[in-house]
Amino acid sequence: VRIAVVILAAGEGKRMKSPMPKVLHKIFNKPMLQYVIASALKLKPSRIIVVAGKHLKQIKDSINAENISFALQQKPKGTGDALSKALPFLKGFSGVVLVLNGDVPLMRAESLSGFLKAHTKDKNDISLMSFSVSNPFSYGRIIRDTSGCLKSIVEEKDASPVEKKISEVNSGVYAIGSQAFKLISKIPLNKLKGEYYLTDIVGMAINSRLKVKAYHSVEEDEMAGVNTIAELMRAQRLLQKRIAYEWMGKSVTFYDPDSVFIYPDVMIGKGSIIYSNVYIEGRTKIGKDCIIYPGVRIINSTIGNGVTIKDSTIIDRSVVGREAVLGPFAHIRPESKIGSKAKIGNFVEVKKSVIGDRTKASHLSYLGDAFIGKNVNIGAGAITCNYDGREKHSTRINDNVFIGSDSQFVAPVEIGKGAYIGAGSTITKNVPPMSLSVSRVRQINIENWAAKRNLRSEKKARNKNKK
Ligand code: UD1
Ligand code: CA
């Protein structure tokens, strides 16, 4: 059967108490609506229509909206009215219309396709997904007759005290066959709320002797609607858990799965071990057998196999070669490339730099706009002075260079292969290969100076006492 998906996303989302359209509120780095679209895409529908309101342009611009049509619902006059706005985009379509709410982000494509199969197999005109909740407040309640057949959906505002106690609720997911299409534009106005309720289509279809069925097979965690920031964060928490457990099923170990945030597009290699309070964001790729210690944040980066990242390290938009060791307290800023088996130790900041294989910067350095070759040893406190107050300049340090502690490189400057830089040097000129460069005041030792000074002050003290 051909499927068209309509996603309702034009509500104002007043309960979010936020100026941003509700469906653009993010779970991790993506708007809620993007998750709904992702699930819809997996069903390979012949078209996807998003019904949006006055924020249509903002929504269109904020999501990846390839091959998606947008229908405008100028005023939020209810879910029934919203669906009717999609009808012009469904002209000539005769399959099943799958209606989704833009504020139900955790639905799985597998659940939706199971639901569609049941809809087709049972030859229903309308099917809907229901689920049970501990607190049904604000959901539409599923009303069944004594034999268990679906009768209608009653919304919170219209529910009697007895109906309010019903814990089976409407998820907002519907499959509508072509026989029932014509009912969409006939949904009456609900006077109490001044809205057209899509849920009323159920009672209407039953009255028209169409076949309607509610499937109660998914968990609350998957179907929970998001109307408030608290519910948004609850959904994020559920997704966080879902992702952590998925990775644990693929041979990744989390010491504390509740405190590790793996964003949805992240990849992690087998055998990697991740300690607590770790954030792995964006499209980061982690290799096999890595160890990531507590408090690490990695954003849009690629980490090779066997890398160790010690506590409280940040890696942003960078590439780390295999078996490198980073941290604790290292800061790898965007556009950096750390070579394999390199070591970037505590309080080392790297920005837009290449660090060669097996090169070590173990303590307290700033390496910015630098190209550093292989096997370079960078002593504690070495700094590239890349900024002259106006422009950035680059430093090039070639293979096998040894850099003494507390050296500065006033860029632009280049250090030739195998050269040595004496500790405490300020390097302003290029250094030829294999040479030693020292730039500091020569040390002088004044012998017996301290002893003489002591004698002088003793004498003074004696003269004072005499007076
Ligand atoms: C709706 C259902 C309720 C169900 C719940 C599931 C109705 C009347 N109620 O209630 O039975 O249990 O979802 O989460 O359908 N929207 C529009 N235009 C509008 C109004 C809403 O596009 O004029 C969109 C919203 O952006 C949202 C979705 O429809 O994505 C649901 O709207 P919302 O106001 O959140 O409905 P609920 O009160 O949650
Ligand atoms: Ca809702």
Side-chain angles (χ1 to χ4, degrees), residues 5-16 18 20-25 31-37 39-40 49-56 58-59 63 70-87 99-107 126 128-133 135-143 150 152-159 163-164 166-174 176 184 187-204 214 216 218 220-232 234-235:
V5 177
V6 178
I7 301 172
L8 306 182
E12 288 189 317
K14 284 198 183 110
R15 288 165 278 181
M16 299 301 274
S18 145
M20 210 199 329
K22 170 158 78 175
V23 293
L24 290 188
H25 283 78
M32 262 200 270
L33 179 60
Q34 196 77 64
Y35 290 91
V36 179
I37 290 173
S39 296
I49 301 133
V50 171
V51 183
K54 61 172 192 260
H55 300 290
L56 191 145
Q58 194 188 347
I59 290 177
I63 62 168
F70 284 83
L72 177 67
Q73 184 196 27
Q74 200 85 46
K75 287 213 173 88
K77 292 190 281 185
T79 46
D81 180 67
L83 181 56
S84 75
K85 301 297 183 211
L87 289 174
V99 180
L100 305 175
N101 279 359
D103 65 350
V104 183
L106 299 191
M107 283 174 307
I126 298 181
L128 65 93
M129 286 173 97
S130 70
F131 63 105
S132 292
V133 276
N135 177 11
F137 178 78
S138 95
Y139 285 107
R141 313 297 202 279
I142 301 291
I143 312 294
L150 176 64
S152 65
I153 301 173
V154 177
E155 291 300 308
E156 181 74 37
K157 278 241 164 83
D158 312 298
E163 288 167 338
K164 278 187 177 159
I166 295 171
S167 62
E168 190 191 356
V169 299
N170 172 27
S171 70
V173 176
Y174 317 80
I176 303 177
I184 297 169
I187 294 171
L189 182 72
N190 179 298
K191 299 233 170 56
L192 201 66
K193 231 190 151 191
E195 283 187 3
Y196 300 86
Y197 285 171
L198 176 52
T199 44
D200 285 346
I201 203 173
V202 168
M204 291 163 69
H216 181 277
V218 260
E220 171 179 3
D221 285 355
E222 203 178 323
M223 283 300 162
V226 171
N227 300 309
T228 63
I229 300 283
E231 285 167 356
L232 181 74
R234 179 172 179 267

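Just so you know, ligand 1 is whichever comes first in the structure, and atom 1 is the first atom listed for that ligand. Fair warning: this is a prediction, and the values are worked out from it, not measured in the lab.
- Annotation for ligand 1: atoms under 4.0 Å from non-hydrogen atoms of Lys77 are 23 (O).
- Neither the backbone nor the side chain of Glu195 comes within contact range of ligand 1; no heavy atom lies under 4.0 Å.
- Nearest protein heavy-atom neighbour of atom 22 (O) of ligand 1: Ala10 N, 2.7 Å.
- The distance from ligand 1 to the heavy atoms of Gly140 drops below 4.0 Å at these ligand atoms: 3 (C), 4 (C), 11 (O), 12 (O).
- Numbered from 1 in the order shown, with element, the atoms of ligand 1 that lie under 4.0 Å from a heavy atom of Pro76 read 23 (O).
- With atom 25 (C) of ligand 1 as the reference point, the heavy atom nearest to it among Ala82, Gly11, Pro21 is part of Gly11.
- Checking Leu8, Val6, Leu100, Asn101 against atom 30 (O) of ligand 1, the nearest heavy atom belongs to Leu8.
- For ligand 1, the atoms lying closer than 4.0 Å to a non-hydrogen atom of Gly78 are 18 (N), 19 (C), 20 (C), 23 (O).
- Within the 4.0 Å heavy-atom criterion, the part of Ala9 lying near ligand 1 is the backbone and not the side chain.
- Pairing each heavy atom of Gly53 with each of Ala10, the nearest pair is N-CB, 3.4 Å.
- Residues Asn227 and Ser138 form a side-chain contact, since some pair of their non-hydrogen atoms from C-beta on lies under 4.5 Å apart.
- The side-chain contact (heavy atoms from CB on, under 4.5 Å) test with Ile153 singles out one residue from Val169, Ile143, Leu128, and that residue is Leu128.
- Of all protein heavy atoms, the one lying nearest to atom 15 (O) of ligand 1 is Thr79 OG1, 2.7 Å.
- Taking CG from Leu72 and NE2 from His55, the interatomic distance works out to 11.5 Å, rounded to the nearest 0.5 Å.
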Practice item. Start with the C-alpha gap between Asp221 and Arg234, add the side-chain angles, then the distance that decides, and say whether salt bridge (Lys or Arg N to Asp or Glu O under 4.0 Å) holds. Key: CA-CA 9 Å; Asp221 285 355; Arg234 179 172 179 267; 3.3 Å; yes

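- Taking NE2 of His216 as the reference point, atom CG of Leu150 lies at 12.5 Å (rounded to 0.5 Å).
- At least one side-chain heavy atom of Met20 sits under 4.5 Å from a side-chain heavy atom of Gln58.
- Here the straight-line distance linking atom CD1 of Ile184 with atom CG of Leu83 works out to 4.0 Å at 0.5 Å rounding.
- In summary, an N, O or S atom of Asn227 is located under 3.0 Å from the Ca ion (ligand 2).
- Residues Glu195 and Lys77 form no side-chain contact, since every pair of their non-hydrogen atoms from C-beta on lies 4.5 Å or further apart.
- Residue contacts with ligand 1: Arg15 is included, with a non-hydrogen atom under 4.0 Å away.
- With respect to atom 18 (N) of ligand 1, the closest heavy atom belonging to the protein is Gln73 OE1, 2.7 Å.
- Considering only non-hydrogen protein atoms, atom 9 (N) of ligand 1 sits nearest to Glu155 OE1, 3.0 Å.
- In Lys22, the part holding a heavy atom less than 4.0 Å from any atom of ligand 1 is the side chain.
- Of all protein heavy atoms, the one closest to atom 39 (O) of ligand 1 is Asn227 OD1, 3.7 Å.
- We find that Asp158 and Arg141 are not joined by a salt bridge, their nearest charged nitrogen and carboxylate oxygen being 4.0 Å or further apart.
- Distances from atom 4 (C) of ligand 1 to the heavy atoms of Asn170, Val173, Asp103 show the closest one on Asn170.
- Between Lys157 and Glu155, none of the side-chain N atoms (NZ, or NE/NH1/NH2) sits under 4.0 Å from a carboxylate O, so this pair counts as no salt bridge.
- Counting just the N/O/S atoms of Asp103, the one with the shortest distance to the Ca ion (ligand 2) is named OD2.
- Of the N or O atoms in Gly102, one or more lie within a sub-3.5 Å distance of an N or O in ligand 1.
- Residue contacts with ligand 1: Val169 is excluded, as none of its non-hydrogen atoms falls under 4.0 Å.
- Not a single heavy atom of Glu156 lies less than 4.0 angstrom from ligand 1.
- Here Asp81 has no heavy atoms under 4.0 Å from ligand 1, in either its backbone or its side chain.
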Review point. Would Asn135 and Tyr139 satisfy side-chain hydrogen bond (donor to acceptor under 3.5 Å, both in side chains), going step by step from the backbone distance to the final call?
Key: CA-CA 9 Å; Asn135 177 11; Tyr139 285 107; over 6 Å; no

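- Side-chain contact, Glu168 with Ser130: a donor N or O sits under 3.5 Å from an acceptor N or O.
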